[in-house]
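All figures in this text were calculated on a predicted structure; none of them were measured in a lab. One-based numbering, in listed order, for ligands and for the atoms of each.
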Amino acid sequence: MRLLSIECFDTPDEAVRWCRDVRSQGLSLGFVPTMGALHEGHQTLVRQAAAQNDRVCVSIFVNPLQFGESRDLETYPRDFDGDAKLLEAAGCHMAFTGTLAEFFPGRLQADGGLQPEFMLDPGPFAESLEGEYRPGHFEGVATIVGRFFEILKPTRAYFGQKDYQQALVVDDLARRTGGPEVVVCPTHREPTGIAFSSRNTRLSESGYAAGLFLSRALFAARGLWLQGERDAQALSSVMRGVLAQGDLTVEYASVRDPRKWSGSEPKGAMERAVALIAARSGEVRLIDNMLLSDPEPCQD
Ligand code: PAF
């Protein structure tokens, strides 16, 4: 058996000590928060963190605070050993996990949940779309990410553009709380166009085929934008047309101005646009998005 060269810790306390040691040596620290079940998309984040920082640490924690549906939490894929190998290959120095009680000592209620006064406000970017379809989700994300920032004090933190609204929420949180610089990395796609996601492993063959319609719809909107269409309703209607060809339950297919987040689609001609989709393929909920106004950044 080959021993891994990265440090793996089972408790946040050990991780906190390791990070303190890194900072005391005057080294920069890149942090990639994850829920495990890692794939190439996460590896891209770790590679980017390794390129920009002296040390890189990764959290692997399936955060119960951000799951509304207990079935989604229960079925979320978990593979710590596989994850550690992928992290090592991508240039990570330390990976850690922990329990909710260890991340929030003395702050849990009798039923094992976090006392409500310790939940963080996710701010204005949590409004609509994911915020509407997953009530409480961004409170849960902001609370754990805020806690990571507080205890690890990283120089930079890395998030994927695939979770577009999440990236807006955590960037705003970091600015409000004096947290790290938030770096958002482009979505990594399979050759079929589907965005890498830990949930893809739960798709059946036909479910995967249906999932392909998300990126097809986004590329269709992008094509229309490139032809000069600037109306949000026209752009989202072309997406809905493509999504209707797949066996999907669409939650939203919508367009926003990436610099001016709004609860509903902007009216009139847009200068900048991001298209966002959430749809269920069977039991699996998929999300994806694409900037229409800027070139889709290249993958490494
Ligand atoms: O994007 C995720 O995997 C999670 O929302 C995060 C940022 C690790 C917080 O639990």
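Contacts classified as side-chain hydrogen bond (donor to acceptor under 3.5 Å, both in side chains) and involving residues 242-253 (residues at least two apart or in different chains) are given here: Glu130-Tyr252, Glu251-Arg280, Glu251-Arg285.
The CG atom of Leu38 sits 5.5 Å away from the CD1 atom of Ile60 when rounded to the nearest 0.5 Å. Taken to the nearest 0.5 Å, the CG atom of Leu45 stands 10.0 Å off from the NE2 atom of His188.
Within the listing of ligand 1, atoms 8 (C) sit less than 4.0 angstrom from a heavy atom of Thr34. Listed by number with element, the atoms of ligand 1 under 4.0 Å from a non-hydrogen atom of Ile144 are 9 (C), 10 (O). Listed by number with element, the atoms of ligand 1 under 4.0 Å from a non-hydrogen atom of Pro33 are 8 (C).
The aromatic rings of Phe96 and Phe148 sit perpendicular to each other, their planes meeting at more than 60°, with 30° as the lower class boundary.
Residue, atom and distance of the protein heavy atom nearest to atom 9 (C) of ligand 1 are Gln66 OE1, 3.3 Å. Protein heavy atom in closest approach to atom 3 (O) of ligand 1: Met35 CG, 3.6 Å. The protein heavy atom nearest to atom 5 (O) of ligand 1 is Gln166 OE1, 2.7 Å.
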Side-chain donor-acceptor distances from residues 104-111 under 3.5 Å, at least two apart:
unit_1: Gln109; atom_1: NE2; unit_2: Asp111; atom_2: OD1; d: 3.4
unit_1: Asp111; atom_1: OD1; unit_2: Gly113; atom_2: N; d: 2.8

